[in-house]
Amino acid sequence: MLVSAKEMLQKAKAGHYAVGQFNINNLEWTKAILQTAQELNSPVILGVSEGAGKYMCGFKTVTEMVKAMIDELGITVPVALHLDHGTYEGCYRCIEAGFSSIMFDGSHYPIEENVEKTKELVKVCAEKGLSLEAEVGAIGGEEDGVIGMGECADPNECKQIADLGVTMLAAGIGNIHGKYPANWPGLSFETLAAISEKVGAMPLVLHGGTGIPADQIRKAISLGVSKINVNTECQLAFAEATRKYIEAGKDLQGKGFDPRKLLAPGVEAIKATVKEKMELFGSVGKA
Ligand code: 13P
């Protein structure tokens with residue numbers, strides 16, 4: 001069964017650890033994350049971007065696949081199926097498809113419009129028992145080869161959005177999606193502390209979990225971050241393991257060309273990455 005992320009994140013905030021959101025792209029990816037969460041007795045959030053949803057034949061296919069997998073694999077730890085960086089329309093499509101959690105990314109709208117749209121979604125999610133993540137302050141990342149630095153959120157705007165009744169809040173604190181550039185100044189703990197003070201018990205979300213040094217992750221958790229998103233690191237681990245396998249010529253030997261064998265090293269690499277993150281975030285044994 002899929003659950004809303006509300007309870008797991010409130011527990012994480014109170015217990016000073018974070019739940020990992022790992023983005024999924026296909027069946028193997030999903031299975032690897034679910035099995036690792038079960039093995040470590042950790043709650044988990046499966047993130048689905050709109051692009052990944054389209055790639056997997058639509059949100060309905062994703063929901064049915066994840067639900068069936070939880071059943072067939074005997075997964076008993078809490079699992080939330082979450083839309084990552086949803087558009088306003090995408091949120092409604094995921095609600096209809098049976099997701100248990102959504103993120104509405106209204107950070108590119110003027111704050112008034114972000115407030116209006118988030119308010120609308122708070123109502124719909126409350127009726128259906130879904131968790132809702134909102135975003136304030138743009139999170140940087142690579143676009144057309146140029147890496148944009150993350151923009152720090154305004155703590156007052158964070159409070160304004162948090163007060164609408166969202167479940168969790170993603171606030172830009174200098175974090176970036178993808179790899180961090182060599183001249184990255186690090187997370188702005190000053191901004192995070194100011195936001196934390198304003199929003200109180202509201203779980204905060206840290207996007208761009210790939211490549212943030214462990215000490216900064218620990219400090220962010222101590223200042224109220226209860227959900228950390230990881231995507232690129234699993235992709236890099238998967239690609240690297242697959243490349244090595246192919247370069248070793250194993251795909252040409254015997255039954256090595258079998259897609260199940262070809263994907264196996266990548267799957268193991270994802271499992272190892274997820275395990276490392278869950279240990280760092282402190283969610284092991286917290287299911
Ligand atoms: P990374 O790809 O940098 O790990 O970020 C993931 C993320 O924040 C998804 O929303």
Side-chain angles (χ1 to χ4, degrees), residues 5 9 18-26 29-30 32-33 36 44-56 59 62 80-87 90-91 94 99 101-108 131-143 145-153 166-182 184-188 192 203-214 216-217 220-221 225-240 269-270 272-278 280-281 283:
L9 293 182
V19 178
Q21 173 193 305
F22 301 95
N23 285 45
I24 58 172
N25 291 283
N26 59 23
W29 221 280
T30 313
I33 297 166
T36 308
V44 72
I45 299 170
L46 301 178
V48 182
S49 67
E50 294 202 6
K54 200 166 160 192
Y55 173 79
M56 289 185 275
F59 296 130
V62 177
L81 180 60
H82 181 76
L83 170 65
D84 189 29
H85 290 286
T87 57
C91 287
C94 283
F99 274 44
S101 187
I102 55 172
M103 173 189 190
F104 167 57
D105 182 355
S107 61
H108 49 283
S131 40
L132 173 65
E133 176 178 340
E135 179 175 325
V136 181
I139 291 156
E142 190 175 323
E143 221 169 293
V146 179
I147 300 176
M149 289 292 181
E151 176 195 303
C152 283
V166 298
T167 318
M168 60 270 207
L169 185 70
I173 53 166
N175 41 331
I176 295 171
H177 288 124
K179 282 189 168 176
Y180 285 85
W184 179 55
L187 297 175
S188 168
L192 179 57
L204 296 173
V205 183
L206 183 63
H207 281 248
T210 295
I212 300 179
Q216 292 194 38
I217 292 278
I221 294 173
V225 163
S226 330
K227 172 176 178 278
I228 303 177
N229 294 3
V230 179
N231 180 25
T232 306
E233 205 157 324
C234 287
Q235 295 190 354
L236 292 172
F238 182 82
E240 179 65 5
I270 291 175
T273 305
V274 171
K275 182 169 189 268
E276 188 193 309
K277 295 294 167 196
M278 286 180 166
L280 173 62
F281 301 166
S283 70

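For ligands, and for the atoms within them, numbers begin at 1 and follow the listed sequence.
You'll find the side chain of Lys277 stays beyond 4.5 Å of the side chain of Cys234, heavy atoms only. Between Ile45 and Asn229, every side-chain heavy-atom pair lies at or beyond the 4.5 Å cut-off.
With Ile176, Thr210, Leu236, Ile212 as candidates, the residue nearest to atom 4 (O) of ligand 1 on a non-hydrogen basis is Thr210.
Contact atoms of ligand 1 toward His207: 8 (O), 10 (O) (distance under 4.0 Å to a heavy atom of the residue). The Thr232 neighbourhood of ligand 1 comprises atoms 1 (P), 2 (O), 3 (O), 4 (O), with distances under 4.0 Å to a heavy atom of that residue. Residue His85 approaches ligand 1 through these ligand atoms, each under 4.0 Å from one of its heavy atoms: 10 (O). Of all atoms in ligand 1, listed by their number and element, those nearer than 4.0 Å to a heavy atom of Gly209 are 4 (O), 5 (O).
Residues satisfying the salt bridge (Lys or Arg N to Asp or Glu O under 4.0 Å) criterion with Lys275, sequence neighbours excluded, are Glu279. Under the side chain to side chain donor-acceptor pair (under 3.5 Å) criterion, Thr273 pairs with no residue, sequence neighbours left out.
At least one N or O atom of Asn231 sits closer than 3.5 Å to an N or O atom of ligand 1. Geometrically, ligand 1 and Glu233 share no nitrogen or oxygen pair separated by less than 3.5 Å. Inclusion of Val230 in the set of residues having an N or O under 3.5 Å from an N or O of ligand 1 is not warranted.
What you find for Ile33 and Asn23 is that their closest heavy atoms are CD1-O, 4.0 Å.
In terms of protein heavy-atom proximity, atom 8 (O) of ligand 1 is closest to Gly208 N, 2.8 Å.
In this structure, Gly178 counts as a contact residue of ligand 1, since one of its heavy atoms falls inside 4.0 Å of the ligand.
Ring-centre distance between His85 and His177: below the 6.0 Å cut-off. Ring centers of Phe22 and Trp29: at least 6.0 Å apart, outside the cut-off.
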- Item | Derivation of the side-chain contact (heavy atoms from CB on, under 4.5 Å) call for His207 and Met103 | CA-CA 12 Å; His207 281 248; Met103 173 189 190; 3.6 Å; yes
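In Asp84, the part holding a heavy atom less than 4.0 Å from any atom of ligand 1 is the side chain.
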